Amino acid sequence: MPSVPAAPTAPVIGHRGAAGLAPENTAASFRTAARLGVRWVECDAQLTADGLAVVIHDDTLDRTTDGSGPVRTATLAAIRRLDAGSWSSPAFRGEKVPTLREVLDLTAALGLSLNLELKLAERAGPAEEDALAAACLAELASGPRPPRLLVSSFRREALARCAERAPDLPRAFLAADGDAEAVRVAVALGCRALNVAAGAVDRHLVRRAHAAGLAVLAYTVDDPERFRLLRSLGVAAVFSDHPERLTTPPGPHR
Ligand code: G3P
Ligand code: CA
């Protein structure tokens, strides 16, 4: 019986901050997560036209700001003029799309550990994966950092570039299905964890991942029953838009 790999996170990770309670990936969302007592949060980083890392999920500005068009063709100055809060609620009017630097500063100040997802548009090629990895690692090296970090991506090249440039930074491979191939890729990339869609998790997947030395993290889980079931299967942590709904088991949360 293989030993269970140590989880690089606490059992509940606030997804995009606390995306069910505040506009995702904004300062308000990360502050909300901290107020709930969450110890880890997740965010999505992408590059602007001028090569700066900003924290936003979609590859266009349309859904979560009052702007439109691809993130990748907008300058940081243009993105900073946008309102990233009103779409969620008038109470959040004036929230900005944060830079990765701002999120690192904020999470460090709040004592929140961070799962930084390197997010790339489907059409993005290896050069863009490399550029995003380089920009994010430069930010991590340039100032305050959260207490603990996990870098994740659906994109292999981005993780491979992180492995080359910052081999000691824990990595996770993101996969929608978590089949044997995903486990193989995660191991080949030197990852500590396999981050999988919750619907794809079963005991076979968890067993296979653990046998390969990988912790399993599942997204996105807001239902306490589902959380308990996944934990009983050996899932180390879940990403949740509503961390306040999940009862964390006793034990250290870092
Ligand atoms: O990292 C887990 C989860 O955030 C991955 O999916 O689409 O929410 O970025 P998505
Ligand atoms: Ca994400």
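We count ligands from 1, going down the list as the structure has it; atoms in each ligand are counted the same way. As the structure is a computational prediction, the values presented were derived from the model and not from experiment.
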Heavy-atom closest contact ([X] atom, [Y] atom, distance):
X: Leu159; Y: Val151; answer: CD2-O, 3.9 Å
X: Phe227; Y: Val238; answer: CD1-CG2, 3.5 Å
X: Glu102; Y: Arg80; answer: OE2-NH2, 2.7 Å

Identify the protein heavy atom lying closest to [atom], giving its residue, its atom name and the separation to 0.1 Å.
atom: atom 5 (C) of ligand 1; result: Glu117 OE1, 3.6 Å
atom: atom 1 (O) of ligand 1; result: Glu42 OE2, 3.1 Å
atom: atom 7 (O) of ligand 1; result: His57 NE2, 2.8 Å

Checklist line | Any N or O of Arg16 closer than 3.5 Å to N or O of ligand 1 | finding: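 Min N/O separation from ligand 1 is below 3.5 Å for Arg16.
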Contact (N/O only, under 3.5 Å) between His15 and ligand 1 |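 Yes; at least one N/O pair falls below 3.5 Å.
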Indicate yes or no for a side-chain donor-acceptor contact from [X] to the backbone of [Y] under 3.5 Å, with no hydrogens or angles considered.
X: Arg192; Y: Arg171; answer: no
X: Thr107; Y: Ser113; answer: no
X: Asp222; Y: His242; answer: yes
X: Glu42; Y: His15; answer: no

Please enumerate all residues that pass side chain to side chain contact (heavy atoms under 4.5 Å, CB included) together with Glu164, with sequence neighbours excluded.
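With sequence neighbours excluded, Glu164 shows a side chain to side chain contact (heavy atoms under 4.5 Å, CB included) to Arg161, given in chain and number order.
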Part of Asn115 with heavy atoms under 4.0 Å of ligand 1, whether side chain, backbone, both or neither: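 No part of Asn115 is near ligand 1 at this cut-off.
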### Task
Check each atom of ligand 1 against the heavy atoms of Lys119 and keep those under 4.0 Å away; list them by number with element.
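Those of ligand 1 that fall under 4.0 Å from Lys119 are 7 (O), 9 (O), 10 (P).
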Exercise for the section: Can you sort out which atoms of ligand 1 are near Asp44, meaning under 4.0 Å from one of its heavy atoms? Expected result: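 Once the distances to Asp44 are compared, the set is 9 (O).
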Count, excluding waters, the protein N, O or S atoms that are closer to the Ca ion (ligand 2) than 3.0 Å.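 Every protein N, O or S atom under 3.0 Å from the Ca ion (ligand 2) counted, the figure is 3.
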| request: Please determine, by modelled atom types, if Arg245 and Ser240 share a side-chain donor-acceptor pair under 3.5 angstrom. | output: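 On atom types as modelled, these side chains do not qualify, holding no pair under 3.5 Å.
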Carefully, step by step, assess Glu95 and Arg31 under the rule salt bridge (Lys or Arg N to Asp or Glu O under 4.0 Å).
-> CA-CA 12 Å; Glu95 282 297 319; Arg31 286 203 178 92; 5.6 Å; no
